[in-house]
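Here the structure is laid out as structure tokens; the discussion comes afterwards.
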Amino acid sequence: MSTHEIENLPIAKALNAAMDDALAADPTVLMMGEDIGTLGGVFRVTQGLKETYGADRVMDTPLGEAGIVGTAIGLAMRGYRPVCEIQFDGFVYPSFNQITSQLAKIHFRSDGRISLPVVIRIPYGGNIGSIEHHSESPEALFAHTAGLRVMTPSNAQDAYSMLREAIASSDPVIFLEPKRRYWLKGEVDRSASTTDTQRAQVVREGQDLTLAAYGALVPVALAAAEAAQEDGRSVEVVDLRSISPLDVATVEASVSRTGRLVVTHEAPTFGGMGGELAAEIGTRCFYRLEAPVIRVGGYHMPYPVAAVEEDYLPNIDRLLEAIDRSLSH
Amino acid sequence: MAEQPETQHPGAGAGRLRRVSILGEDGRRGSDPDFDAYLEDVTLEDLKASYRSMLTVRRFDDEVTALQRQGKLALWAPARGQEAAQVGAALAMLPQDQVFPSYREHALAYERGVDLKEMLSVFRGYSGGGWDPTAHNFHLYTFVLAAQIPQAVGYAMGQRLDARLGLGQDPAEGSEPPATIVCFGDGSSTQGEAHESMVFAASYDAPVLFFVQNNQWAISVPFSTQSRLPLAERAAGYGFEGIRVDGNDLLAVRAVTAYALEKIRRGEGPVLIEAETYRLGAHTTADDPTKYRTREEEDGWAAKDPLVRLERHLRAEEVEDAFFEAASEAAQEYGREVRDAVLAMEPPEFAEYFDTVYAEANTLVEQDRAWFQQYEAGFDDAAQEDPR
């Protein structure tokens with residue numbers, strides 16, 4: 001079903017609508033994962049899909065992540081387009097072998113003869129007050145693996161459009177869903193074009209500094225930019241959206257105007273996407289930078305317990321401090 | 001350990017799964033009341049063809065091992081000793097069946113129509129996959145042990161879904177529904193993915209045959225470290241049938257595979273076959289079996305050589321010398337072809353590898369490609385400026 005109506009949907013419902021429309025449009029699209037059918041997923045993102053499309057196409061799988069991704073690869077070889085749900089970020093590792101040594105490489109090692117249109121949806125990130133392994137941000141692990149695309153939406157429209165694009169892609173996609181924003185509402189046009197979601201998007205214009213973020217931290221970055229505005233600082237916010245490939249060109253264009261970049265993510269700073277962006281911008285904008293690129297990420301520790309996660313996560317204050325530091329140069 | 005009549009299973013008690021055996025070590029054909037019926041359509045010509053295949057692949061294996069020793073290949077994993085298990089299973093398969101090999105299924109690849117010379121491009125370091133996996137319904141080798149097993153189960157789930165959803169190609173009138181066969185070894189059976197695969201296969205009634213070649217050694221680690229029980233007995237724990245078979249007995253392997261595939265095609269879910277065999281050679285050309293197994297053990301299994309056994313049978317069936325001479329000459333000729341083909345291989349161009357990282361255009365790959373081309377072009381400019 002496709003409609004030109006503009007709906008006001010939370011991200012979870014926008015994702016549900018994307019899967020619903022993909023299932024309706026293409027009989028080879030399948031959903032598979034733990035508790036996604038009868039229960040509708042632990043976050044209810046797949047609610048109602050099994051009732052509409054049946055247990056053959058919306059599969060409550062046995063509890064085994066390697067089995068889910070491994071069988072999805074085989075289904076894709078047979079001509080299906082499986083969309084797997086990994087229940088939580090911290091549970092993806094049992095399937096890490098299938099994702100990195102198999103899913104990412106089979107197109108390459110088959111000399112392009114086998115395409116694997118597999119989507120792996122992973123609710124990720126923290127600030128939901130949960131127990132360990134439920135709040136992690138593993139995007140750099142997948143971004144470092146050639147053969148995978150990695151993307152993460154920050155709003156309802158992108159959630160819909162990017163998931164449609166991921167399902168339509170002939171390449172495997174790690175689709176990271178910012179779980180603390182599942183109930184963040186936004187306008188969704190289900191007929192909207194899905195062609196440019198590999199591009200980063202300027203979501204707030206500004207002149208003094210560029211602030212790059214993705215996923216759950218985009219609203220935090222926007223709030224920090226708003227707060228900075230009160231001090232007379234004009235901050236441009238870029239939502240990266242695609243983690244791999246990373247749209248450096250859009251950030252480069254922004255930094256070419258502002259001369260300053262702060263990049264933030266929940267994942268640990270060391271070895272994270274911020275370092276990659278800093279290196280690229282350092283190379284491309286060397287003579288236009290007014291200050292070193294500053295990264296604001298998680299600390300180099302396993303994700304901490306919920307009682308102290310506010311101290312771990314980048315927040316408005318940490319972003320404002322980084323903005324101050326950059327502008328002091 | 002001078003004599004090993006069959007695999008030693010420390011935990012196995014009397015009355016456990018029997019091992020199906022039809023062709024004796026002396027080549028004499030015995031009988032099995034449960035499985036004789038699955039040999040009724042096998043002709044002497046079929047057996048002669050199987051012998052030719054086994055001999056050809058044996059010769060291939062020897063030639064390739066020599067090529068590796070001469071530095072023409074990076075590595076080789078010989079299949080020597082496991083030919084009957086593979087050719088016997090292949091005899092029961094249909095063209096529409098999909099095979100997921102491990103990495104030592106050279107005889108099965110040959111039977112499925114894969115050009116073994118293409119396979120060697122992998123071991124020469126000239127190709128990632130070697131052959132076209134879609135052309136022969138024979139997937140690429142998988143070197144991450146057991147990773148192919150859930151993929152095979154997924155493929156089989158897809159075969160079943162095709163019928164349930166009315167998708168895929170319409171099968172030709174009267175044709176049998178397709179099945180999937182996945183190969184792995186005693187070592188791989190320990191991997192978690194093997195376990196998950198069997199759970200998934202059972203839950204979805206996947207039309208998949210788990211074809212385990214238990215060759216007794218996972219490089220240097222004996223089977224007793226992988227399992228207390230015959231692997232076939234694990235199947236019962238997942239709720240499907242397991243069958244033990246003498247893997248050096250072409251007829252028995254053919255019979256149990258035909259039985260299993262018939263059952264699978266009826267929609268009765270997966271079956272596991274454990275073909276008990278022996279890796280007569282090294283794990284790979286980088287291995288030294290003298291460090292972990294005895295000469296006596298090797299000699300004991302050499303006496304069970306599946307090729308010798310089949311030859312004895314054919315001679316007992318009064319197949320004439322001329323056949324064996326012709327088969328031997330053909331195998332020698334194949335060995336020469338293989339050698340010539342390996343030596344004639346052209347290495348690939350690095351730049352080609354940017355093409356297949358992704359199926360769709362990818363800005364990161366294009367950026368790297370552009371940089372590489374620019375870097376390469378710099379040498380061209382230098383050459384033009386300095387023609388020396």
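Note that the structure is predicted; figures quoted are calculated from it, not measured. Per chain, numbering begins at 1; letters A, B, ... match sequence-line order.
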Measure distances from A/Arg149 to the heavy atoms of chain B and classify the residue's part below 4.5 Å as side chain, backbone, both or neither. both

For a quick test of reading the model, state the closest non-hydrogen atom pair linking B/Ala361 to A/Gln198 and the distance between them. O-NE2, 4.0 Å

Residue among B/Asn362, B/Val153, B/Thr134, B/Leu364 with most heavy-atom pairs under 4.5 Å to chain A: B/Asn362

Taking all non-hydrogen atoms of both residues, which atom of B/Thr356 and which atom of A/Gly112 are closest, and how far apart? CG2-N, 3.6 Å

Can you name the side-chain contact (heavy atoms from CB on, under 4.5 Å) partners of B/Glu366, sequence neighbours left out? B/Arg369

Selection from A/Ala76, A/Pro117, A/Gly147 maximising heavy-atom pairs under 4.5 Å formed with chain B: A/Gly147

Contact part of B/Leu161 toward chain A, heavy-atom cut-off under 4.5 Å: side chain, backbone, both or neither? both

Checking heavy atoms, do the side chain of A/Ser244, its backbone, both or neither come under 4.5 Å from chain B? side chain

Under 4.5 Å heavy-atom distance to chain B, tell me which part of A/Ser115 shows up: side chain, backbone, both or neither. side chain

Quick one: what part of B/Pro348 sits under 4.5 Å from any heavy atom of chain A, side chain, backbone, both or neither? neither

Name the region of A/Glu65, side chain, backbone, both or neither, that has any atom closer than 4.5 Å to a heavy atom of chain B. backbone

Which distance, rounded to the nearest 0.5 Å, do you find between the CG of B/Leu167 and the CZ of A/Arg78? 10.5 Å

Pair count under 4.5 Å, heavy atoms only, with chain B: among A/Leu116, A/Leu148, A/Val69, highest is A/Leu148

For the interface with chain A, which of B/Asp132, B/Val122, B/Thr142 has the highest count of heavy-atom pairs at distances below 4.5 Å? B/Asp132

Identify, with sequence neighbours excluded, every residue that meets side-chain contact (heavy atoms from CB on, under 4.5 Å) alongside A/Gln87. A/Glu34, A/Asp35, A/Val42, A/Phe91

Considering only heavy atoms, give the residues of residues 192-200 of chain B separated from chain A by less than 4.5 Å, sorted numerically, with 'none' for an empty result. B/Glu193, B/Glu196, B/Val199, B/Phe200

Tell me whether the count of non-hydrogen atoms from other residues, nucleotides or ligands lying under 6.0 Å of NZ in A/Lys105 goes above 12. no

Ignoring hydrogens, what is the shortest heavy-atom contact between A/Arg109 and B/Tyr141? Give both atom names and the distance. NH2-O, 2.7 Å

What are the two closest non-hydrogen atoms of B/Tyr353 and A/Phe108, and how far apart are they? O-CE1, 3.3 Å

Mind checking side chain to side chain donor-acceptor pair (under 3.5 Å) for A/Ser256 and listing every partner two or more places apart, or none if nothing turns up? A/Arg288

Pick whichever of A/Gly70, A/Gly79, A/Pro94 has the most heavy-atom pairs under 4.5 Å with chain B. A/Gly70

Report which part of B/Ala147 has an atom under 4.5 Å of a heavy atom belonging to chain A: side chain, backbone, both, or neither. both

Quick one: closest heavy-atom pair of B/Ser127 and A/Asp111, and the distance? OG-OD2, 4.0 Å

Without hydrogens or angle criteria, can the side chains of B/Gln151 and A/Gln98 be said to hold a donor-acceptor pair below 3.5 Å? yes

With a 4.5 Å heavy-atom cut-off, do A/Ile114 and B/Pro133 have their side chains touching? yes

May I ask you to decide if A/His107's main-chain N or O and B/Tyr358's side chain share a donor-acceptor pair within less than 3.5 Å? no

Tell me, side chain or backbone of A/Ala72 under 4.5 Å from chain B's heavy atoms, or both, or neither? neither

Given heavy-atom pairs under 4.5 angstrom as the criterion, report whether the side chain, backbone, both or neither of B/Thr180 touches chain A. neither

Option that, when pairs with chain A are counted at under 4.5 Å, heavy atom only, ranks first among B/Gln367, B/Arg164, B/Met157: B/Arg164

Say whether, by atom type as modelled, one donor and one acceptor occur between the side chain of A/Asp171 and the main chain of B/Glu360 under 3.5 angstrom. yes

Ignoring hydrogens, what is the shortest heavy-atom contact between A/Tyr80 and B/Asp162? Give both atom names and the distance. OH-OD1, 2.6 Å

Using a cut-off of under 4.5 Å on heavy-atom pairs, state which of A/Thr61, A/Leu75, A/Leu63 scores highest against chain B. A/Leu75

Using heavy-atom distances under 4.5 Å, tell me whether A/Ser101 contacts chain B through its side chain, its backbone, both, or neither. side chain

Please classify the contact between A/Leu30 and chain B as side chain, backbone, both or neither, with a heavy-atom cut-off of under 4.5 Å. side chain

